[in-house]
Amino acid sequence: VPNSADTLTNLTVAGIRDGFRAGDFTAREVAEGFNANVAAAKALNAFIVETPEMALAAADAADADRAAGTLKPLSGVPIGMKDLFCTEGVQTTAASHILEGFVPQYESTVSAKLWAAGAGMLGKLNMDQFAMGSSNETSYFGNVISPWKRSDGGNAPLAPGGSSGGSSSAIAARLCPAATGTDTGGSIRQPAAFTGISGIKPTYGRCSRWGVVAFASSLDQAGPMARDVRDCAIMLENMAGFDAKDSTSLDLPVPNWEAALSGDLRGKRVGIPLEYRVDNMPKEIDALWEQGITWLKDAGAEIVTVSLPHTKYALPAYYIIAPAEASSNLARYDGVRYGLRDLPDGAGLQEMYAATRAAGFGPEVKRRIMIGTYVLSAGFYDAYYTQAQKVRTLIAQDFDRAWETCDLLLTPTAPSAAFALGEKSDDPLAMYLNDVFTVPTSLAGLPAMSVPAGLDGQGLPLGLQIIGKALDEQGVLNAGLAIEQRAGFTARAERWW
Amino acid sequence: LPPIVPVAIDAVMSVDHATVRKIASLARIAVSDGEVEAMVIPNKLRLRDDVVTDGGVRDKILANAPSGEHGFFGVPKVIE
């Protein structure tokens, strides 16, 4: 064994689970390996809080469970937790200043399920502030850096994608084998694509939103990020499920997605949406899309062309609906019950609210709260919010029509590979365009995943997105697996941190 | 007549087939069975009994308050 710690931290979730069960190593050895990688990767800034002692405690419990023959589905597997999930006794900030120091007195449903399944926590992962961003440049706790570098010899730090950029960076750098993410308009899929990993946003309602810091409640959905499709299936099985505490939680059994994984797509029809061939898309992404079509044909799928005619209205509608919901959800941060309070000398209650929110929210969060407040204000409500909701219905109907002729859709995940930090941060519109392929699915509540499919000319990962019908996570995972089996993506960021 | 039933997906997700039919009828839009099916993600907004289901955790609720005094949230004076 060349380096056993490095060998262990290069294992997938399934590899850790199965190796641990077979007695090849202890859970403590695994946790120590990942703790060491986390501690040595400060340059990536992927974690806001590190919890090595919690990872070790879960590992010791797993080792005891193995001895007692009471193994759980994720026994021995340490994971990263996006800082949007409330964790009892561990600071939860949504990467904001306004929640700095907030220590939840309760556990989110999704994280509680993962701990109950035997997983251990390595720490709280950095992210875009309140999940608002596509590059991880809006965190109060500093940018997350991607472990990837361009092969042109330049040393520009690259964006790990956002908003789940701590999750994507940490997995790509082998700081954790899997992590939670959340996806409101692409925040699992785009960072997965930027860092050469996999991630799935399930159908809206599969994972409970209880205890997840709210951004846009009708869109927010938790999902797993991991190195491959199987690991996403394993994680999702242990995150999903009905929860009476979330009124939009789906009251349905959780399928055994891992057991039903199959890359055989015979009998499946995969649609290629015409409208996703956007202007100025890099040739490499177009070529990768064609390659994906070839792979899916090879797996037995029939390829059909479909039209999603309202696609061009998805981003404008999203950037009305999501800020509108955010302006309502973030009204709770007022300096009274938790988090930051800024009370200038002699200030009254109203001045305290205004000062607290001015000091506690970052520029992008303020921008979205202002947009949301505007579109919900009397006189503009019908022109913007009501109109956007109608567009949302039309977009959902586009997908419904597509399902008359196909079972799944294949698209690129993002219109470019990872960009350098600072490259788009001065231009919010350019940043928003990054979500052009992921936002429509979010508006329709459909399951979708990104799988790594290749590298661009600068050696950076590119992802392909599979979109499925509501509740057909299995179809999405299976098509993802078919691509994974054919792409043979093994590239890994060379360690510089 | 409006071209579509102007309801949001989150509202759609909480309605049943009968409601979709009723709305479509009000909007004077003929919908086929297939269209009714397509608009509905199988979810309903649940109701529960109107009873207190939690509580008794005052100190937990106050644990993160910037100013918690005598079991209350402290705020600046509102009345001059």
Side-chain angles (χ1 to χ4, degrees), chain A residues 88 99 101-106 203-205 217-219 244-252 321 325 334-344 346-353 356 385-397 399-401 403-404 443-446 469-471, chain B residues 1-16 19-20 23-24 27 29 31-51 53-69 71-80:
Chain A
E88 187 171 2
L99 277 175
F102 173 65
V103 179
Q105 304 295 300
Y106 56 94
T203 308
Y204 181 78
S217 304
S218 77
L219 297 157
K245 288 185 286 194
D246 172 1
S247 64
T248 56
S249 174
L250 288 165
D251 192 359
L252 293 169
I321 293 167
E325 296 187 22
D334 57 8
V336 173
R337 289 161 298 159
Y338 36 71
L340 182 75
R341 167 179 292 193
D342 188 342
L343 183 59
L349 195 59
Q350 296 295 337
E351 291 94 344
M352 184 189 85
Y353 293 155
T356 297
Y385 187 70
T386 307
Q387 196 71 5
Q389 292 288 41
K390 290 180 187 175
V391 171
R392 186 174 184 176
T393 302
L394 289 172
I395 285 162
Q397 288 176 345
F399 284 105
D400 290 337
R401 290 207 184 89
W403 303 141
E404 290 169 10
L443 289 169
L446 302 175
K469 298 174 185 173
L471 308 180
Chain B
L1 287 178
I4 55 143
V5 184
V7 287
I9 187 74
D10 48 345
V12 170
M13 288 173 73
S14 64
V15 299
D16 55 21
T19 311
V20 172
I23 298 290
I29 297 170
V31 290
S32 68
D33 282 346
E35 281 173 312
V36 171
E37 195 63 50
M39 291 169 68
V40 180
I41 284 181
N43 197 12
K44 290 191 178 77
L45 204 58
R46 296 177 306 280
L47 295 176
R48 65 170 176 83
D49 292 338
D50 185 13
V51 293
T53 56
D54 58 8
V57 291
R58 187 193 70 187
D59 292 345
K60 283 189 168 190
I61 287 168
L62 287 169
N64 281 287
S67 165
E69 295 160 15
F72 294 93
F73 292 111
V75 295
K77 242 191 285 186
V78 179
I79 301 164
E80 296 300 320

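All values below were derived from every heavy atom in this structure, side-chain atoms included, with hydrogens, water molecules and symmetry-related copies excluded. In this text, all values refer to a predicted model and were calculated from it rather than measured experimentally. Each chain gets a letter, A, B and so on, in the order its sequence line appears, and its residues count up from 1.
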Looking only at heavy atoms, what is the nearest atom pair of [X] and [Y], with distance?
X	Y	value
B:Ala65	A:Val336	CB-O, 4.0 Å
B:Pro66	A:Gly339	CG-O, 3.3 Å
B:Arg46	A:Ser249	NH1-O, 3.1 Å

Under 4.5 Å heavy-atom distance to chain B, tell me which part of [X] shows up: side chain, backbone, both or neither.
X	answer
A:Gln387	neither
A:Asp342	neither
A:Leu343	side chain
A:Ala388	neither

Discussion item. Would you say that B:Asp59 contacts A:Gln105 through its side chain, given a criterion of any heavy-atom pair below 4.5 Å between the two side chains?
Written reply: no

Item to complete: Side-chain contact test, heavy atoms from C-beta onward, threshold under 4.5 Å: evaluate it for A:Arg341 versus B:Val75 and give yes or no.
Response: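 They are in contact (side-chain heavy atoms under 4.5 Å apart), so the answer is yes.
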
Worksheet entry | Residues, nucleotides or ligands: over 12 heavy atoms within 6.0 Å of B:Phe73 CZ |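 Correct, the count exceeds 12.
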
